[in-house]
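A short worksheet on the structure shown next.
Since we're looking at a predicted model, the values are computed, not measured. Chain identifiers are assigned alphabetically (A, B, ...) following the order of the sequence lines, protein sequences preceding nucleic acid strands; residue numbering begins at 1 within each chain.
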Amino acid sequence: EAQVTQNPRYLITVTGKKLTVTCSQNMNHEYMSWYRQDPGLGLRQIYYSMNVEVTDKGDVPEGYKVSRKEKRNFPLILESPSPNQTSLYFCASSLTGAYGYTFGSGTRLTVV
Amino acid sequence: KNEVEQSPQNLTAQEGEFITINCSYSVGISALHWLQQHPGGGIVSLFMLSSGKKKHGRLIATINIQEKHSSLHITASHPRDSAVYICAVNSNTGNQFYFGTGTSLTVIP
């Protein structure tokens, strides 16, 4: 089944403790991206990647890192999480970025 | 700044009604997307448009590039259509993706 798999679904962590949210797709898509969703603000793009080893900042990249060492994986790294990064995070992939998107199920992160 | 504006923010309809959700954008785009987010949180891509009109079942999406406007129509609405509908655009000056804040639709039986 074609899908984008995010893990974990839920995560509670403490301020400053490094964490990684994984994202994997099995559709051989070139484009992958990360978003956060906050009440009243909607979805905002954090980072995107057009292909392996190519990443670019979206609207809200501060406090996040990404890497794209393989086509299928695009992890989101929070080196030193802070409470303002408490949010619902989505990973998505697309054939090239200008085609339809497939979203992961989301990761609800709480930083205390 | 809001590159994408949606209206209405909230919409309640009786089952069977015809529903329209509007989206206006201010940037040049390569494509516009309509997404559906159910109460469980998952997001599904409904349509991707760069011109004209697309239809899938009871859903119809249109776009007017000159007016920078798109509409999502739902015919013969049903309670299972209750969800948040999100308009999003791919910028044509890069590969950024901008989202509207969504329209929360509730269809009452």
No-hydrogen, no-angle side-chain donor-acceptor test under 3.5 Å, B:Thr20 and B:His73: yes

Donor + acceptor pair across side chains of B:Asn2, B:Tyr25 (<3.5 Å):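 B:Asn2 vs B:Tyr25: no donor-acceptor pair found between side chains.
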
Per-residue contacts, residues 73-92 of chain A versus chain B, heavy atoms under 4.5 Å: A:Leu88, A:Phe90

Scan the side chains in residues 10-23 of chain A for donor-acceptor partners under 3.5 Å anywhere in the protein, sequence neighbours excluded, and list what turns up.
residue: A:Thr15; atom: OG1; partner: A:Val112; partner atom: O; Å: 2.9
residue: A:Thr22; atom: OG1; partner: A:Asn7; partner atom: O; Å: 3.3

B:Ser51: partners by side-chain contact (heavy atoms from CB on, under 4.5 Å), with sequence neighbours left out: none

Would you list the atom pairs, donor with acceptor, under 3.5 Å between side chains in residues 50-57 of chain A and any protein atom, with sequence neighbours excluded?
none

Under 4.5 Å from any heavy atom of chain A - which part of B:Gln9: neither

Hphob cluster co-occupancy, B:Leu35 + B:Ile60, side-chain heavy atoms under 4.5 angstrom: no

